[in-house]
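Scroll down for the structure; my scribbles are underneath it.
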Amino acid sequence: QVQLVESGGGLVQAGGSLRLSCAASGSIFKVNIMGWYRQAPGKQRELVAVTTSDSSTKYADSVKGRFTISRDNAKNTVHLQMNSLKYEDTAVYYCNAHMAVIGNRIFENDYWGQGTRVTVSS
């Protein structure tokens with residue numbers, strides 16, 4: 001059984017900061033891409049930031065310069081430091097990981113966390 005567990009969401013005033021964390025656990029052979037997506041009410045889920053196993057990163061234009069993604073390969077964790085939060089950052093944030101996992105054989109699949117809510121008050 002493989003799972004992603006997120007933490008760190010909450011309520012913050014505009015201009016404030018939050019740090020999200022996500023830990024992958026289970027029969028993991030290798031974690032490749034890890035990232036964060038978000039879904040605001042009435043909108044589609046969108047990419048926020050992703051990082052590869054060699055720590056290259058990609059950000060949505062809307063968060064560049066404000067959010068920083070980082071990972072700890074030894075612990076299979078990924079973090080999202082969110083600074084200068086805006087009202088429009090309000091959403092449920094989902095951790096995503098593309099991993100090679102151990103079953104009857106090693107196979108790759110995408111996994112999602114349960115989501116953590118971030119609410120930014122204006």
Side-chain angles (χ1 to χ4, degrees):
Q1 189 78 7
V2 175
Q3 62 177 350
L4 299 176
V5 178
E6 300 133 332
S7 61
L11 172 65
V12 64
Q13 288 188 332
S17 299
L18 282 175
R19 179 177 171 86
L20 305 182
S21 296
C22 172
S25 63
S27 301
I28 299 169
F29 179 74
K30 182 180 179 182
V31 181
N32 297 314
I33 298 172
M34 298 189 83
W36 293 92
Y37 291 71
R38 67 186 181 187
Q39 187 166 18
K43 294 187 177 181
Q44 290 188 329
R45 190 173 298 188
E46 63 176 2
L47 180 146
V48 177
V50 291
T51 179
T52 62
S53 56
D54 63 358
S55 297
S56 63
T57 58
K58 177 181 178 180
Y59 295 91
D61 289 342
S62 59
V63 307
K64 283 181 181 177
R66 300 187 297 123
F67 291 10
T68 302
I69 189 170
S70 61
R71 66 187 284 172
D72 184 334
N73 289 329
K75 296 181 179 179
N76 291 332
T77 57
V78 64
H79 308 283
L80 185 68
Q81 178 65 42
M82 306 186 293
N83 298 328
S84 302
L85 281 160
K86 303 176 181 180
Y87 174 77
E88 50 265 39
D89 294 318
T90 296
V92 177
Y93 284 70
Y94 296 91
C95 178
N96 172 266
H98 186 83
M99 299 187 282
V101 299
I102 303 169
N104 292 328
R105 56 180 176 83
I106 295 174
F107 62 96
E108 295 191 2
N109 204 358
D110 271 327
Y111 295 86
W112 292 91
Q114 78 283 1
T116 184
R117 186 174 300 277
V118 172
T119 303
V120 184
S121 61
S122 57

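This structure is a prediction, so every number in the text was calculated from the model and none was measured.
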When hydrophobic residues are tied together by side-chain contacts of less than 4.5 Å, even through go-betweens, does [X] share a cluster with [Y]?
{"X": "V118", "Y": "W36", "result": "yes"}
{"X": "V12", "Y": "V48", "result": "yes"}
{"X": "V31", "Y": "L80", "result": "yes"}
{"X": "Y111", "Y": "L20", "result": "yes"}
{"X": "M82", "Y": "V92", "result": "no"}

side-chain contact (heavy atoms from CB on, under 4.5 Å) partner of R38, chosen from V63, T116, T90 =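 That would be V63.
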
Among V2, N32, N76, which residue meets the side-chain contact (heavy atoms from CB on, under 4.5 Å) test with M99?
->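 Among V2, N32, N76, the one that satisfies the side-chain contact (heavy atoms from CB on, under 4.5 Å) with M99 is V2.
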
Which atom names give the shortest non-hydrogen contact between [X] and [Y], and what distance separates them?
{"X": "S53", "Y": "R71", "answer": "N-NH1, 3.3 Å"}
{"X": "A14", "Y": "S122", "answer": "CB-CA, 4.3 Å"}
{"X": "C95", "Y": "L4", "answer": "O-CD1, 3.7 Å"}
{"X": "I69", "Y": "A49", "answer": "CD1-O, 3.6 Å"}
{"X": "H98", "Y": "D110", "answer": "ND1-OD1, 3.1 Å"}
{"X": "G113", "Y": "E6", "answer": "CA-OE2, 3.4 Å"}

Point-to-point distance, once rounded to the nearest 0.5 Å, from [atom1] of [X] to [atom2] of [Y]:
{"X": "R66", "Y": "S17", "atom1": "CZ", "atom2": "OG", "value": "10.5 Å"}
{"X": "S55", "Y": "M34", "atom1": "OG", "atom2": "CE", "value": "11.5 Å"}
{"X": "I33", "Y": "N96", "atom1": "CD1", "atom2": "CG", "value": "8.5 Å"}

Heavy atoms from other residues, nucleotides or ligands near [atom1] of [X] exceed 12 (cutoff 6.0 Å):
{"X": "R19", "atom1": "CZ", "value": "yes"}
{"X": "F29", "atom1": "CZ", "value": "no"}
{"X": "N104", "atom1": "CG", "value": "no"}

Taking the side chain as C-beta and beyond, is there a heavy-atom pair between [X] and [Y] under 4.5 Å?
{"X": "S21", "Y": "T77", "value": "no"}
{"X": "Y59", "Y": "T51", "value": "no"}
{"X": "S27", "Y": "V101", "value": "no"}

Would you call the rings of Y37 and W112 parallel, tilted or perpendicular, where under 30° means parallel and over 60° means perpendicular?
->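 The rings of Y37 and W112 stand perpendicular, inter-plane angle above 60°.
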
Is a salt bridge present between K86 and D89, judged by a nitrogen-to-oxygen distance below 4.0 Å?
-> no

Kindly determine whether R45 and Y94 satisfy side chain to side chain contact (heavy atoms under 4.5 Å, CB included), including the steps that lead there.
-> CA-CA 9 Å; R45 190 173 298 188; Y94 296 91; 3.5 Å; yes

